[in-house]
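Notes follow once the structure below has been shown.
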Amino acid sequence: MPTTARKPLLALVGALVLTAALSSCAAGSTAATGDDDASTATRYAADADTLVFGVVPDSVDTETNYQPLMDYIAQETGKEVEYHESTDYAALIEASVAGKVDVASFSGFTYVTAKNNGAEITPISSIITAEGQEPGYYSEAIVPKGSDITAIDGFAGKKVCFVDPSSTSGYLFPSYELLQADIDPTKDVTPVFAGKHDVSVQKVAAGTECEAGFAEDSEVEKSDDVEVVGRTMVPGAPIVVSDTLPTDEKQALTTALADVTIDDIIAAGVESADSDGFRSVFYATKPVDDEYYDLIRDICETTKSSTCQA
């Protein structure tokens with residue numbers, strides 16, 4: 001056993017060991033920020049060599065569609081980019097609140113809900129799919145081809161396909177549109193949650209499980225078996241970064257993703273971007289900020305949707 005006289009020396013050695021251990025942690029999942037509040041620790045979803053990219057699968061091609069963008073992030077940051085597919089919007093919200101994603105592609109509604117629930121994330125950009133576009137897309141009300149329903153007010157009393165309770169274009173905006181037509185989305189229709197936009201389109205096209213429904217325009221236009229009877233513009237889905245990343249990491253991601261075109265990505269050497277599949281879902285990113293999503297907050301207030309609340 002050490003003597004009392006040796007305790008100060010051992011305490012000093014212990015302090016040095018602790019300091020070394022803390023320094024080692026800086027290369028792992030947590031680290032001191034350096035230029036921020038000394039009491040604040042940066043955190044990675046996995047480790048300092050990896051960026052976890054979170055998405056919700058909107059179609060069977062989701063991972064394929066995002067791979068060129070993930071390859072570009074890897075090239076620009078020097079990090080390995082790990083694909084994280086949440087089972088649904090609620091799971092992505094939970095992952096962001098728990099700090100399990102470093103970068104993510106949210107819907108506008110999911111982003112607002114995640115922020116309401118304490119997620120430390122910031123929107124940096126939104127994807128556009130054609131030159132000259134501004135961020136944004138359409139939530140479309142659809143019916144089977146040849147249906148007697150010609151407008152959204154005909155949805156009353158019908159079996160209506162939504163995407164997910166936390167989907168912007170697949171539930172929040174449809175709920176608002178139904179309320180505008182004096183239809184309570186929880187009482188005046190029979191809601192069916194399809195889980196994905198393409199599945200919502202398929203179920204409406206079949207006309208059995210769903211007699212009408214909603215989905216985003218990019219999936220609706222792929223089907224010749226549905227007709228659009230209403231549409232409303234939705235704020236563009238954000239790409240977000242975690243606020244807990246080191247400042248230089250956040251700046252690198254913002255620089256890389258805030259305003260980049262597909263041609264920029266291809267020129268950077270990402271060969272996977274030069275494909276018809278990627279061109280169909282990506283032309284460029286345009287910068288957005290938190291204020292851009294105030295419309296969604298207003299609609300949350302109008303619809304009183306429980307999923308908007310913290």
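Ion pairing between Asp294 and Arg297 holds under the 4.0 Å rule for side-chain N and carboxylate O.
You'll find the side chain of Pro123 reaches within 4.5 Å of the side chain of Val240, heavy atoms only. The shortest distance between side-chain heavy atoms of Val143 and Glu227 falls below 4.5 Å. Within the 4.5 Å cutoff, side-chain heavy atoms of Ser107 are placed close to those of Tyr89. Contact of the Ser242 side chain with the Tyr44 side chain is not registered, since no non-hydrogen atoms from C-beta on lie closer than 4.5 Å. Counting only heavy atoms from C-beta outward, the side chains of Thr168 and Phe173 approach each other to under 4.5 Å. By the 4.5 Å heavy-atom criterion applied to side chains, Val112 and Phe106 are not counted as neighbours. Counting only heavy atoms from C-beta outward, the side chains of Ile239 and Leu69 approach each other to under 4.5 Å. For the pair Gln133/Tyr283, no side-chain contact is recorded, criterion being any heavy-atom separation below 4.5 Å from C-beta on.
For the atom pair CZ (Arg231) and CD (Glu140), the distance works out to 4.5 Å, reported to the nearest 0.5 Å. Rounded to the nearest 0.5 angstrom, Asp217 CG and Thr232 OG1 are separated by 11.5 Å. The distance from the OG atom of Ser167 to the CD atom of Glu216 is 7.5 Å, given to the nearest 0.5 Å. From Asp102, atom CG reaches atom OG1 of Thr50 across 8.5 Å, with rounding to the nearest 0.5 Å. For the atom pair CG of Asp259 and OG1 of Thr254, the computed distance is 12.0 Å after rounding to the nearest 0.5 Å. Considering NZ of Lys187 and CG of Leu178, their distance stands at 14.5 Å, rounded to 0.5 Å.
The aromatic ring centroids of Phe214 and Phe162 lie less than 6.0 Å from each other. Taking the six-membered ring for Trp and the full ring otherwise, Phe53 and Tyr66 have centroids separated by under 6.0 Å.
Applying side-chain hydrogen bond (donor to acceptor under 3.5 Å, both in side chains) to Gln251 and the options Asp248, Thr255, Thr247 leaves one that passes, Thr255.
When atom types are taken as modelled, the side chain of Ser169 and the backbone of Ser139 share no donor-acceptor pair closer than 3.5 angstrom. A distance-only check finds no donor-acceptor pair linking the side chain of Thr122 to the backbone of Asp243 [under 3.5 Å]. Remark: the backbone N or O of Tyr293 is not paired with any side-chain donor or acceptor of Tyr111 at under 3.5 angstrom. No donor-acceptor distance shorter than 3.5 angstrom exists from the side chain of Asp198 to the backbone of Val201, with no hydrogens or angles considered. Side-chain N or O atoms of Ser175 include none that pairs as donor or acceptor with a backbone N or O of Pro185 at under 3.5 Å.
Checking Thr261 against Asp264 by side-chain atom types alone, a donor-acceptor pair falls below 3.5 Å. For Gln75 and Asp71, the side-chain atoms include no donor-acceptor pair closer than 3.5 Å.
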Practice problem: Start with the C-alpha gap between Thr42 and Thr244, add the side-chain angles, then the distance that decides, and say whether side chain to side chain contact (heavy atoms under 4.5 Å, CB included) holds. | Solution: CA-CA 5 Å; Thr42 62; Thr244 66; 5.7 Å; no
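Surrounding NZ of Lys100 are at most 12 heavy atoms belonging to other residues, nucleotides or ligands under 6.0 Å away.
In this view, Glu209 and Lys203 satisfy the side chain to side chain donor-acceptor pair (under 3.5 Å) rule, not counting sequence neighbours.
Tyr176 and Leu295 end up in the same hydrophobic cluster when Ile, Leu, Val, Met, Phe, Trp and Tyr side chains are linked at under 4.5 Å.
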